[in-house]
Each structure stands twice: as structure tokens, then as C-alpha cells.
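Worksheet for the structure shown next.
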Amino acid sequence: MKNVLFIIVLVLTALFAKAALPDEGMWIPMLIEKYNIKLMQEKGFKLTAEDIYSVNKACMKDAVVQFGGGCTGELISADGLLITNHHCGYGRIQALSTLENDYLTNGFWAMSHEEELRCPGLFVTFLKRMEDVTDKVLKGVTDNMDEIKRQQTIESNTEEIGKNAIEGTGFTSSIRPFYMGNQYFLLIYETFTDIRLVGAPPSAIGKFGGETDNWVWPRHTGDFSLFRIYANKENKPAQFSKDNQPYRPLYYFPISLKGVNEGDFTMVFGYPGSTSEYAPSYYIDMVKNYINPKRIDINTRKIEIMESAMNSDPLIRLQYSAKKSGIANGWKKWIGENQGLERMNTIGKKQEYEKKLTEWVNADETRKTKYGNILPRYKELYSELKDYSLVSSYTGDAFFSSGAEAVGFARYIVAFAGLYESDPGTEKMDIARNELINTAKGFFKNYNAETDKKLFEAVMTLYGENLDLKWQAPEYIKIKNACKGDFRSYAGKIYEKTIFTDEGKFIAFVNSFSKGSLAKIQKDPFYRLAKSTGDFLTANVRGELDRISSEIQRLNKDYMTLQMEFDKERVYYPDANSTLRIAYGTVQGYLSTDAIWFKHYSTLKGIMEKDNPEIYDYNVPDKLKQLYKNRDYGRYTQDGEVPVCFIANNHTTGGNSGSPVINADGHLIGINFDRAWEGVASDMAFNPDQSRNISLDIRYALFIIDKYADAGYLLKEMTIIE
Ligand code: ASP
């Protein structure tokens with residue numbers, strides 16, 4: 001009975017919350033004061049807009065970074081200590097791992113600054129300030145200007161503004177369109193490149209649940225890793241040097257141990273990548289019914305092949321885990337997205353909305369002239385676009401994004417051979433040769449020819465089955481005819497002959513590259529296939545794809561204005577565009593399917609319930625079991641258990657991974673890392689009843705650092721609020 005009452009209260013809370021508090025949106029930090037802070041405070045937030053974003057004082061934005069270009073991370077100590085997701089650090093941890101020192105499998109913990117590991121190529125970026133530069137960007141742009149002239153004017157204005165803004169500062173600038181090009185913001189960034197790995201749990205914690213649990217609630221993944229930013233003596237960005245010192249940030253997040261309750265205010269501050277909330281039904285129809293199904297299909301096959309190879313050999317597991325995760329993340333999301341769009345009837349709802357819009361537009365002559373053509377033109381453009389878009393992504397899936405890997409790899413020598421033809425024997429050539437050899441070493445470190453052969457056979461077959469003959473590259477057709485579609489025996493012969501499946505052969509070939517090599521390489525089937533698919537896309541797809549996309553972009557701008565004029569009451573947030581944003585809402589469970597209510601947090605107990613040594617993704621490390629058995633939880637508990645993850649209705653997307661999740665006092669309570677299955681279509685349609693972001697409870701991260709890794713020394717540099 002108690003439980004039933006509890007659930008009724010939760011449901012009522014959720015319903016009430018939905019009616020009173022519109023939580024959808026990824027808001028612009030600079031405009032929080034204007035649009036959001038009042039609502040945030042009504043929801044419980046105790047600080048001010050200036051505490052979040054300010055150019056006059058140290059504030060939260062000074063503790064948030066874009067991590068490695070695609071994730072988010074945040075500073076948690078005065079000594080440049082940074083926390084992000086395990087899956088954001090995954091590629092780096094993998095790159096540092098070997099079979100002897102397998103940090104991906106076993107975890108890594110530096111016990112002093114000296115033991116931290118350099119991560120070449122990794123960078124983090126701070127936003128210094130932003131500014132609305134719409135007027136300056138659109139200076140000289142008129143309504144009846146042709147598109148090319150319009151773009152040129154915008155580009156030259158943009159270049160000028162960006163250049164002037166950073167003169168003599170060492171910063172970089174970027175000017176980005178918001179609201180589909182109706183508004184432009186200048187963003188000034190500072191980028192650090194000496195970043196070192198401090199700690200990562202073993203994959204059995206950091207990736208617990210693997211692909212099975214990805215995008216799913218309830219979740220038990222300890223998805224965090226720790227890095228440190230280093231700077232020169234002036235605390236400025238510098239190349240790696242032993243003399244560099246831990247970066248001293250303007251601000252870092254205090255960490256709260258107070259815990260998370262249903263209904264608590266939460267805010268996510270990070271770098272959401274891209275959303276399409278205002279797109280017309282035609283776009284959703286193209287993605288859901290045309291592109292997603294085929295891409296899901298080919299990637300399902302690739303994942304099956306990789307998984308079976310990974311299960312057969314620990315070396316292959318190490319070699320393919322990052323590649324597989326890279327594919328599987330998007331693949332699984334498309335599946336959830338399609339289900340969600342279907343369940344919400346998003347296309348139907350958009351069509352209804354478009355009907356109303358059209359009636360409203362047609363009711364007024366001026367509106368009709370201005371906007372009357374948008375939706376009919378969208379319809380034409382999307383029906384043209386869908387083939388180009390599919391061919392471009394599908395060819396990529398087949399040959400370039402961990403598809404037939406040796407073919408994808410052969411692309412690199414296409415560029416190298418091109419350079420040789422135009423400029424043999426130059427200094428440029430030497431640089432290119434060294435780069436190519438380095439690329440080759442990286443490629444072969446993670447390459448298994450037998451696995452690749454299976455991938456080759458599968459993608460060659462699917463490419464032919466799923467793309468119309470007119471969209472198939474000529475060299476592909478030639479091979480298919482020659483081997484009568486028997487790609488397996490074809491692969492059996494070719495993999496021995498080509499230079500792209502053997503590191504030694506390849507490097508020797510590049511080192512002795514000469515005129516004769518050009519002729520030789522032109523006979524290599526993988527070279528020919530890589531060149532042919534690339535050339536085919538360039539000659540027959542890219543041009544049209546760009547032309548149609550740019551016309552759509554132009555329409556998007558007017559369509560956005562139309563929507564804003566149609567419903568003036570609504571406060572609009574701009575689609576995500578990899579710039580810093582704020583999402584806020586409350587901690588809440590949700591009704592998953594009939595009669596299944598999901599509670600808002602998970603615990604260590606759930607990890608033990610999932611434990612299964614037979615299944616790689618659910619194999620709980622012994623030490624964690626021991627801590628559980630002894631109830632050795634330290635101060636990291638909620639109602640007697642160690643909390644692991646929690647959910648809230650913050651509107652997030654890819655790129656928000658690693659974002660700080662902040663409570664009403666501005667303290668760090670979690671690290672955002674995923675979304676719950678029922679609501680993953682939120683990139684196109686946010687569903688307040690089911691869209692939930694999943695965060696790692698910061699107490700679980702501290703528990704692992706302290707109790708599991710015995711790296712409690714790291715806690716001393718954090719500000720922990722009990
Ligand atoms: N899992 C996502 C990411 O990797 C986060 C999300 O899409 O919600 O960025």
C-alpha cells in the first residue's frame with residue numbers, strides 16, 4: 001500500500017510538474033537573465049544568472065569545457081582536475097592501452113602528478129565570452145539579394161568580425177548562426193592542449209552494461225574519467241612540456257554529497273551538438289522512413305561481426321571496442337528514435353501543425369507572399385534530397401566508417417598518390433609520407449584482417465542490395481560482375497594481394513614510393529574501389545546534396561521566423577549547434593510502458609543484481625563485490641545504498657555527455673551521460689512525459705575513486721560539501 005501511495009504521489013508530481021513547468025529547451029547562457037532565470041528560481045535555483053554566465057566575474061561557465069571537440073567536461077579542483085564521461089575519454093584510454101597495460105579493461109589511476117599520462121591530440125576549450133553580432137553579420141545583406149551574394153557578404157563580415165575580436169589575445173573566435181540563421185553570436189574561446197589522463201575505472205565499471213544498457217534506464221554505468229589540464233607558468237595554454245603546471249581555473253565546481261531527491265532542481269551546462277526541433281514533417285519522414293532503416297540495417301551487421309570477433313580474442317576486443325562503440329552508439333539511438341517518433345506520432349502531429357500554419361499564412365496576402373511557398377518547396381526539396389542523403393551516408397557506412405576497413409584506409413593513399421603526381425620529391429611530400437606512415441601505424445594497431453574480410457563481404461553485399469544500380473560506384477559494379485556477387489571468395493584472393501591489409505607491406509611501399517608505384521597502386525583493387533566510391537560521390541552526389549541542403553537552409557531561416565510569428569507567446573530556444581547551453585528541470589522518474597513506473601535513481605544493489613560473469617558487459621569486478629558485501633560505503637550513500645545514476649527531465653543531446661549536473665546551490669551532483677530509451681527522439685520531438693537525461697551520481701564516482709581505486713588523495717583537492 002505504501003508503494004502504491006508513493007507511486008501515486010510520484011505520478012501526480014510528474015503531472016503537476018509537466019503542467020506548470022515547461023522544461024524543454026537548451027538555452028543560451030548570455031540570455032538566461034532575460035528568458036529563464038525567473039523560472040529557474042521558481043523551480044528552486046538559489047543563484048543568479050551572473051553566477052552562471054558573466055564576463056565580469058568568475059562564474060560557472062569558467063569551469064565548463066568542450067572536451068575533445070565532441071563532449072563536455074568540468075573542472076573540479078583549483079589544480080585543473082577535470083571530470084568527464086568514461087565514454088568521452090574512451091578513445092584516449094584505448095590509445096594508451098596495450099595488451100600488457102590494458103587501461104581500458106583494468107582501469108588506470110595515477111597516484112601522483114608524475115604518473116599522469118599524456119594524451120597527444122586531446123584538447124579542451126573554454127568559452128571566454130559571447131556576443132550578439134547579428135547586425136554586424138547581416139550588414140549589407142538585403143531581402144532580395146541572390147543566395148550566393150548573400151552568403152559571400154555574410155562570410156566576409158564574419159571573417160572580419162572574428163579577426164578583430166581576437167587580435168592579440170591568443171584566443172580563437174567562431175561566429176555561429178542561431179535560430180536557423182536569424183541571429184548570430186560571436187564566441188571567443190581559449191584552447192588548452194596539454195591534457196593528461198589522471199584516472200579511469202575499468203570498463204567493467206565505466207562501461208558497465210555495455211551496448212545492452214546504452215540509451216536505457218535503469219542504468220548502472222560508472223561513466224566517468226578524470227583528466228588534468230596543464231598550462232605554462234603564466235597559466236596560459238602551451239604545448240606539452242615537463243615544466244608545465246596544473247592549470248589554475250577561474251572557477252571550479254564544489255561537489256555536493258547531499259544527494260538527489262525527486263522534484264529537486266537540476267541544471268545541465270554543456271555543449272549539445274545538434275537538434276532539429278523546428279524541422280518540417282518532410283524532414284522527419286526522410287530520416288525515419290528512408291534513411292534510418294537502411295543505416296540501422298547495415299550497422300547491425302557490422303556490429304554483429306565485430307562483436308563475434310571481439311568475443312573470440314582479447315586482442316581483437318581491445319582493437320575493436322572503440323570502433324564498435326562508435327558505431328553502436330548512433331545505431332542504437334536511431335532505433336530508439338524511430339520507435340519514439342512512431343509512438344508520439346510526430347509526423348502526424350507536425351502535419352497537423354503545418355496545416356494550421358498554412359491556413360494562417362493563407363489568411364493574409366502579405367503573409368502568403370512572404371511564406372506561402374515554404375512548405376510546398378520543402379516537400380519538393382526533401383523528395384529530391386532523400387536519395388542523395390542516403391547514398392552519401394550509406395556509402396560512408398559501407399566503406400568509410402569502420403565498414404570495409406582496408407578500403408577506407410586506402411583512401412589515405414589516394415590523396416598521397418595525388419600529391420606525388422603533382423609535386424614529387426618536395427618537402428611537402430616528405431611530410432605527407434611521415435603522416436601517412438603514422439596514420440598506418442594507428443590503423444594497423446587496431447586492425448584484424450580476418451574480421452575485416454567478414455566486414456568487407458557483408459558491406460559489399462548490402463551496398464549492392466540497398467542502393468539502386470545508378471547510385472553504385474563503377475568499380476563496385478565491375479567487382480560485383482567479375483566475382484558474380486561472391487564477395488567471400490573474392491576477398492579470399494584479394495586480401496593476400498593488396499598492400500592495404502598488411503602493415504609491413506604498406507609501410508615499405510610508402511617508403512619506396514616512386515613513379516612505378518603509381519602504376520602499381522592503380523591496379524590495387526582496394527585503391528581502385530576507394531577512389532571510385534570517393535570520385536563517384538564527388539561527381540554525382542555531393543554537388544546536388546550541397547545545393548539542395550543550402551536551399552533548405554535558406555528556407556529554414558524563413559520557416560523559423562514564420563513559426564515565431566505564428567505563436568508569439570512561446571519563448572523559443574535555438575536548436576543545438578555545439579555551443580554552450582543550459583538545460584534545466586527537475587529530478588523525476590517516468591512511466592515507461594503500461595504499469596511500469598521507473599524510479600529516479602539506481603544503486604549498487606542493482607549492479608549486483610545484474611552481475612553475470614558469463615556476460616562480458618555484466619561481469620562485476622571482485623573488488624566491487626567485496627565492497628558491497630562488507631557494506632564498505634564510506635559517506636557515499638542514499639538511504640543506506642550507494643547511489644549510481646539518476647534521471648531528470650533536462651533537455652540534452654549528444655555532446656552533452658560529460659556535462660556537469662548542478663543542484664539548486666550550484667554544486668555538482670552528477671555527470672550527464674545519456675538519455676532514457678523512451679525519450680531519445682528528443683532531438684526532433686521532446687516528450688515531457690518520457691524524455692529523461694541520465695546522469696552518473698557524483699557520489700558513485702567519489703566512491704569508486706576513494707574505495708575502489710584507493711586514489712582518495714584526489715578527493716583532497718576537491719571542495720566537497722557534506
Ligand atoms: N550519450 C550521448 C553522448 O554521447 C548523450 C546523449 O545523447 O544524451 O553525447
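The structure presented is a predicted model; accordingly, all values stated were derived computationally and were not measured. First listed ligand is number 1; within each ligand, the first listed atom is number 1.
In this structure, the separation between CG on N85 and OG on S695 is 9.0 Å, given to the nearest 0.5 Å. One finds the OG1 atom of T221 at 9.0 Å from the OH atom of Y700 (value rounded to the nearest 0.5 Å). The NZ atom of K605 sits 9.5 Å away from the NE2 atom of H220 when rounded to the nearest 0.5 Å. Expressed to the nearest 0.5 Å, how far CG of D223 lies from NZ of K207 amounts to 8.5 Å.
Other residues, nucleotides and ligands place more than 12 heavy atoms under 6.0 Å from the OH atom of Y251.
With sequence neighbours excluded, no residue forms a ring-ring contact (aromatic ring centres under 6.0 Å, His included) with Y601.
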Give every pair formed by an N or O atom of ligand 1 and a protein N or O atom closer than 3.5 Å, one pair per line with both atom names and the distance to 0.1 Å, or write none.
residue: ligand 1; atom: 1 (N); partner: F673; partner atom: O; Å: 3.0
residue: ligand 1; atom: 1 (N); partner: D674; partner atom: OD1; Å: 3.2
residue: ligand 1; atom: 4 (O); partner: H87; partner atom: NE2; Å: 2.8
residue: ligand 1; atom: 4 (O); partner: S657; partner atom: OG; Å: 2.7
residue: ligand 1; atom: 7 (O); partner: G654; partner atom: N; Å: 3.0
residue: ligand 1; atom: 7 (O); partner: R675; partner atom: NE; Å: 3.3
residue: ligand 1; atom: 7 (O); partner: R675; partner atom: NH2; Å: 2.8
residue: ligand 1; atom: 8 (O); partner: R675; partner atom: NE; Å: 2.8
residue: ligand 1; atom: 9 (O); partner: G655; partner atom: N; Å: 2.9
residue: ligand 1; atom: 9 (O); partner: S657; partner atom: OG; Å: 2.5

